[in-house]
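First the structure, in the form of structure tokens, and then the observations on it.
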2 protein chains.
Amino acid sequence: MAKSPSKPITEHLAYLLAQANREINRQLDARFRKEGVPVEQWRILKVLSDGKGHSMGELAEAVLLNHPTLTKMVDRMVSDALVYRVQDADDRRKVLMFSSDRGKALAQRLNSLALSQEAFIAENYGNKATADLKRLLESLIEKAN
Amino acid sequence: MAKSPSKPITEHLAYLLAQANREINRQLDARFRKEGVPVEQWRILKVLSDGKGHSMGELAEAVLLNHPTLTKMVDRMVSDALVYRVQDADDRRKVLMFSSDRGKALAQRLNSLALSQEAFIAENYGNKATADLKRLLESLIEKAN
DNA sequence: CGGGAATCGTTGAATATTCAATATTTTCCA
DNA sequence: TGGAAAATATTGAATATTCAACGATTCCCG
């Protein structure tokens, strides 16, 4: 009796997610190339664009980075004068992050690029498919927590 | 006139994909913990489980890793006697990768863990939603190439 | 109140990934 | 055929990420 072939990797949800994520991220990175900014920094600037201070913990969660990774990325962004730290007066363990004017300006340029990517996807992939996919992903994320 | 708030990051497809991927990958990693093997090595072992030799190029594409990253991961796996290299006789620029018996045995254990994750997801998230999501991801990946 | 436990962020060392350059082999065409 | 160009994989240096440990602050409860 022949050995049963195992389910191909391309049928695993985990693999499909990784593949789709990699591809979309690459395309976004390509668009960001001219600004020389990695996708993670766009996320950070975007989250900070509400003008409110966000603690490192909040931010790490929101931008999908581990604490130490975020700390070091923020160090670089501080060097580039995109963001700055303020100690939280109410809880001095915390550090509140803010976006500088330079950071806000960059965020706007990156937002344009990201929106143009979204438009491109919606066009080539279809509005309905895009909306359905987003909805399913949101629901998966919610269930997975 | 108030500054128009930009579209929240949680509504970007790129972000939703990154978030879902991160979450699902974490859960899979947690299951693999007891074998002490990262998800990428599962992918490699799985692709090699057809018994045919796969070149590094093919493999890199299939397992979603850059060439140099794959080379170094394979180095580790060779040290662990999970895979081995054979120079391709037909094209001596190429290296063909094979899984060892040890690698095959590990692959089977990892497959079980991965399948059990799939089952868990299908159960909590719904069979239809899971199938729909996979279909949409496949189609996105296809379009994005 | 006092002090142990929990929370928050950072650091340094270990590990992993990436970029550019390289070596080898094959392909192609002048 | 000969030799330039392309394809394949690896290497080393630079960079980035992760893990475990730490320091500082706050919380909680006896």
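To find a chain, count down the sequence lines: A is the first, B the second, and so on, and within it residues start at 1.
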- Item | Contacts of type side-chain contact (heavy atoms from CB on, under 4.5 Å), residue B/Ala62, not counting sequence neighbours | B/Val47

- Item | Inter- and intrachain pairs under salt bridge (charged side-chain N to carboxylate O under 4.0 Å, His left out), touching residues 135-145 of chain B, at least two apart | B/Asp132-B/Arg135

- Provide, to the nearest angstrom, the distance between the CD atom belonging to B/Gln87 and the P atom belonging to D/dT10. 11 Å

Contacts under 3.5 angstrom, residues 110-122 of chain B side chains, donor-acceptor by atom type, not counting sequence neighbours:
| residue | atom | partner | partner atom | Å |
| --- | --- | --- | --- | --- |
| B/Asn111 | OD1 | B/Trp42 | NE1 | 3.0 |
| B/Asn111 | OD1 | B/Lys46 | NZ | 3.3 |
| B/Asn111 | ND2 | B/Ala107 | O | 3.3 |
| B/Ser112 | OG | B/Gln108 | O | 3.4 |
| B/Ser116 | OG | B/Arg31 | NH1 | 2.5 |
| B/Gln117 | NE2 | B/Ile24 | O | 3.1 |
| B/Glu118 | OE1 | A/Lys7 | NZ | 3.3 |
| B/Glu118 | OE1 | B/Lys134 | NZ | 3.1 |
| B/Glu118 | OE2 | A/His12 | ND1 | 3.4 |
| B/Glu118 | OE2 | A/Leu13 | N | 2.8 |

Please list, for nucleotides 1-8 of chain C, all pairs of protein and nucleotide N/O atoms separated by less than 3.5 Å.
| residue | atom | partner | partner atom | Å |
| --- | --- | --- | --- | --- |
| C/dT7 | O2 | A/Arg93 | NH1 | 3.0 |

- Message: Near DNA chain C, counting only heavy atoms under 4.0 Å, which residues of residues 70-81 of chain A show up?
- Response: A/Thr71, A/Lys72

- B/Leu65 CG to C/dC19 P, in whole Å, measures 13 Å

- Message: Let me spell it out: for each of A/Ala89 and A/Thr69, pick the nucleotide of DNA chain D with the closest heavy atom. Which residue's pick is nearer the 5' end?
- Response: A/Thr69

- Message: Tell me every residue that passes side-chain contact (heavy atoms from CB on, under 4.5 Å) with A/Arg43, counting only those two or more places apart in sequence or in another chain.
- Response: A/Asn25, A/Val39, A/Glu40, A/Val63, A/Leu64, B/Ile9, B/Tyr15, B/Ala18

- B/Asn66 atom CG is separated from C/dA20 atom C1', nearest whole Å, by 13 Å

- Could you list the residues that satisfy side chain to side chain donor-acceptor pair (under 3.5 Å) with B/Asn124, not counting sequence neighbours? none

- Query: ring pair (Phe, Tyr, Trp, His ring centres under 6.0 Å): which pairs involve residues 74-94 of chain B, sequence neighbours left out?
  - Reply: B/Tyr84-B/Phe98

Show me the donor-acceptor pairs within less than 3.5 Å that the side chains of residues 68-78 of chain A make with the rest of the protein, sequence neighbours left out.
| residue | atom | partner | partner atom | Å |
| --- | --- | --- | --- | --- |
| A/Thr71 | OG1 | A/His67 | O | 3.3 |
| A/Asp75 | OD1 | A/Arg85 | NH2 | 2.2 |

- Item | Nearest-0.5 Å distance that lies between atom CG in A/Leu17 and atom CG in A/Leu140 | 6.5 Å

- Hey, does the side chain of A/Arg85 come within less than 4.0 Å of C/dT10's phosphate (OP1/OP2), counting only N and O? yes

- Query: So, A/Gln87 side chain and A/Val95 main chain: donor-acceptor pair closer than 3.5 Å or not?
  - Reply: no

- B/Lys52: partners by side-chain contact (heavy atoms from CB on, under 4.5 Å), with sequence neighbours left out: B/Asp50, B/His54

- Could you check how far CG of B/Asp90 sits from P of C/dT27, rounded to whole Å? 10 Å

- Please name all residues satisfying side-chain contact (heavy atoms from CB on, under 4.5 Å) with A/Arg102, sequence neighbours left out, ordered by chain then number. A/Ala81, A/Leu82, A/Ser100

- Note on the structure: Numerically ordered, the residues 26-47 of chain A set in heavy-atom contact under 4.0 Å with DNA chain C is none

- Between A/Arg22 (CZ) and C/dT18 (C1'), how many Å, whole number? 12 Å

